[in-house]
Every structure is written in structure tokens, then in C-alpha cells.
Amino acid sequence: MFKALTFSFSLGLALLAACDKGPTKSSAQPAVASAPAAPTAAAVPAPAKATTTAVEGTKFGAGVTLTETTSVDAILADPNAYKGKTVRVEGMVVDVCAKRGCWFELASSTPGQKLKFKVTDGEMVFPVDAKGKIAVAQGEISVRELTLEETKQNAEYEAKEYGKAYDPASITAPKAIVRIDGTGAVFRDKI
Amino acid sequence: MRWRHLFRVVHRDIGYVAVALTLAYGLSGIAVNHIDHWNPNYRFAERSVDIGPLPAGSLADKEAFVVAQLGLDPASVRGHFQETATELRVFLVEGQEARVDMTTGRGSLKTITKRAVFFEVNALHLNNLKGIWTYVADLFALALMLLAITGMTMMKGDRGLAGRGKYFVGAGLLIPISFLVYMYSA
């Protein structure tokens with residue numbers, strides 16, 4: 001019995017040594033040209049679409065397979081045009097879910113404008129200390145029109161999550177939530 | 001009885017192997033149960049700063065000013081983001097972040113540190129590693145089931161399942177059942 005257990009334990013350790021981690025270092029598929037997003041928010045808006053360089057860095061989920069990058073600005077300017085489409089975006093990570101690491105936000109070139117990249121809790125876990133890194137991410141654009149009441153509830157939830165004050169009186173009109181339902185991403189330190 | 005002896009041996013030896021992960025998962029379980037009250041993975045610190053109004057110029061110039069005034073290493077800067085018309089955020093390595101009002105120079109410097117031990121046990125417990133760890137965790141779950149079954153049946157007589165054991169097993173079953181009844185009746 002002891003021998004059998006020792007063998008099983010050793011086998012387990014050997015398998016663990018060969019373990020492929022969730023987030024992995026990768027140098028993914030090559031692409032064609034180069035037009036990455038800038039590491040600053042108030043930069044020149046990127047063109048709506050551009051083909052980009054190879055994706056290297058720490059990979060999450062299924063990584064990134066598309067080669068054509070859609071600018072965050074273009075998506076936020078006309079979300080319904082991208083609704084339901086699978087896109088590849090690129091930009092600086094400016095916020096990360098502090099509790100579960102289940103979302104991060106990409107900067108646009110307009111002050112304060114960000115695009116949320118969301119995954120099911122636990123599917124991918126993005127590190128909180130990734131703020132300021134460059135993310136290349138892929139997923140489907142989701143646009144959800146909220147009622148005024150839902151907008152208030154969402155604002156209250158977000159205020160709690162970001163540690164900010166919530167003033168229901170400031171919410172006077174319904175809004176739409178635009179986000180990417182993510183399938184994969186790659187983080188790297190620089191453009 | 002022969003099978004009872006086998007159960008005792010299995011329970012003892014599987015139990016030894018499972019000690020480390022049982023403690024790790026138990027610790028992580030308590031930690032993540034209270035995720036609404038604390039962050040089980042990271043510790044956040046923040047201090048107020050006042051560096052005076054930022055100079056005119058590009059955001060890059062402002063970023064350089066913030067870094068210099070706060071005595072930060074320029075090599076540690078990752079980038080910046082203009083959050084509002086007046087607020088500039090400068091991101092540094094390891095999650096450090098300076099938030100400064102560009103007109104007054106007042107703001108904060110935030111730091112993030114991983115909670116030692118908790119970060120690691122949570123990564124295992126919540127299967128952040130994915131890959132083969134998923135199957136290791138499955139094996140551990142099966143081992144726990146095996147421990148429960150062998151533990152419940154390895155004694156005989158008054159102290160066994162047929163004796164007082166059945167009352168303890170019943171009590172253990174009653175606790176979750178009570179909560180489930182409450183959940184569905186609420």
C-alpha cells in the first residue's frame with residue numbers, strides 16, 4: 001500500500017512539474033504591420049482598424065488570434081456598429097478588478113474613456129498590479145441598454161467597486177454598458 | 001473484517017498526502033468567504049501627496065514632473081492616463097499609482113502588495129493556474145471524498161457508524177440541509 005501511494009504521489013509531482021499554467025508567457029502568431037495603441041490616454045486617436053505586430057507577453061485564456069486591431073476609440077464612438085462582433089483591441093490597462101481579477105479596462109485616447117474587458121469569474125484572473133501594462137485582447141463586443149433604474153444600480157455598484165462616492169441624483173438618464181466579453185488576452189510591459 | 005483494515009490504511013495514508021492541500025484550501029476558503037470585507041490577495045496602501053501645480057506642457061512632461069517631485073524612479077514608470085479634465089494617473093511597476101490633480105498638485109500615491117501565503121493558497125484553491133492543476137485539484141477532491149467514506153466506516157461497534165457515528169453524520173447533514181431549506185423558503 002505504501003509503495004503504491006509513494007508511486008502515485010511521485011507521479012503527481014511529475015505531472016505538476018509539467019503543468020501548463022493559466023497565464024503563460026508566449027510569443028504568439030505573427031501578424032502583418034504595426035500600429036499599436038499609445039501608452040497615454042490623451043494621444044492621437046488610433047485608426048479604426050490596423051494590423052499589428054506579433055503578440056508577445058503573458059497570455060490569458062485563449063490568447064489572441066485575430067491580427068487586425070480595432071481601436072478602442074472607434075468602438076466607444078459607435079458601439080452598436082460593433083455589437084456582437086469579435087474584435088481585437090490594444091491599449092493600456094488602467095484598472096483591474098481588485099477582488100477577483102475578472103475584468104480590466106483599456107484606455108481610449110479620450111480622457112476618462114475606457115473599455116471594459118470582462119470574463120466569467122475564475123475563467124481568467126488578471127493581476128491587479130498590471131495597471132500601466134499594454135494589453136492585447138480579443139472578445140465579443142456587448143452593448144446592453146439599461147433603464148434609468150438599472151443605470152442607478154450600476155452606478156452604485158461601480159462606485160462601491162472603485163471606492164468612490166455615489167450620488168443617485170447625478171444619474172438622470174439611462175445609459176448603455178459597452179464591454180468586451182473576453183476570450184483571451186496578452187499583457188506586456190511596453191508597446 | 002479485512003475491508004475495514006484496508007479502509008484504515010487508505011484513510012491514514014491518503015490523509016497524510018492530503019494534509020498540505022487540506023490546510024491550504026481551508027485557509028483560502030476562509031479568506032475568500034470574506035471577500036466582501038477584505039481583499040484576500042492584495043494589501044493596498046495609500047498616502048496623500050501635495051507636489052504643487054503641474055507645469056504646462058504635454059502629459060508626458062506632467063508625468064515626468066510627478067515622478068520627479070515624488071522621488072520615484074523614472075525607470076519604474078509604465079505610462080499615464082488622464083482620468084478627468086484635471087486628474088492625471090501615473091502607473092508604475094508592481095501596481096504603484098500616483099493620482100494627482102493637475103491644477104493643485106494634490107493627490108495620492110497608492111501601493112499594492114501581495115498577501116504572502118494567502119495569494120499562493122488562493123491561486124491553488126481558485127484554480128488560477130488552470131492546466132494540469134485542474135486534474136490535481138480533481139484528484140484532491142476525490143481524495144477528500146475517499147477520506148470521508150473511509151473515515152465514516154472504519155470504526156465498528158458503539159463508536160462506529162452503527163453506533164453514535166450515525167448521529168454525528170446526521171448532524172453534519174442537517175446543517176447544510178437546514179440552510180438549503182431556508183434558502184428555498186426565503
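We name chains A, B, ... by the order of the sequence lines, and we start the count at 1 in each one.
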* Asked: NZ of A:K99 to CG of B:N41: how many Å apart, nearest 0.5 Å?
  -> 12.0 Å

* Report yes if some heavy atom in the side chain of B:R89 is under 4.5 Å from a heavy atom in the side chain of A:D95; otherwise report no. => yes

* Taking the side chain as every heavy atom from C-beta outward, state whether B:L126 and A:R100 have any atom pair closer than 4.5 Å. => no

* To do: Using a heavy-atom cutoff of under 4.5 Å, enumerate the residues of residues 102-114 of chain B that contact chain A, numbered in order, or state 'none'.
  => B:I112, B:K114

* **Minimum heavy-atom distance A:P111-B:T84, with the two atoms named** => CB-O, 4.4 Å

* Asked: What residues, two or more places apart in sequence or in another chain, satisfy side-chain contact (heavy atoms from CB on, under 4.5 Å) together with A:A98?
  -> A:V128, B:N39, B:F44

* Is there side-chain contact between A:M124 and B:K130, with heavy atoms separated by less than 4.5 Å? -> no

* **Residue list, side-chain contact (heavy atoms from CB on, under 4.5 Å) with B:V181, at least two apart or on another chain** => B:I177

* Are any non-hydrogen side-chain atoms of B:F81 and A:S108 less than 4.5 angstrom apart? -> no

* To do: Not counting sequence neighbours, which residues clear ring-ring contact (aromatic ring centres under 6.0 Å, His included) with B:H125? List them please.
  => B:Y25

* **Carboxylate-amine/guanidinium contact A:K114 B:E83, below 4.0 Å** => yes

* **Contact class of B:V77 relative to chain A, heavy atoms under 4.5 angstrom** => backbone

* Any A:V93 side-chain heavy atom under 4.5 Å of B:R78 side chain -> no

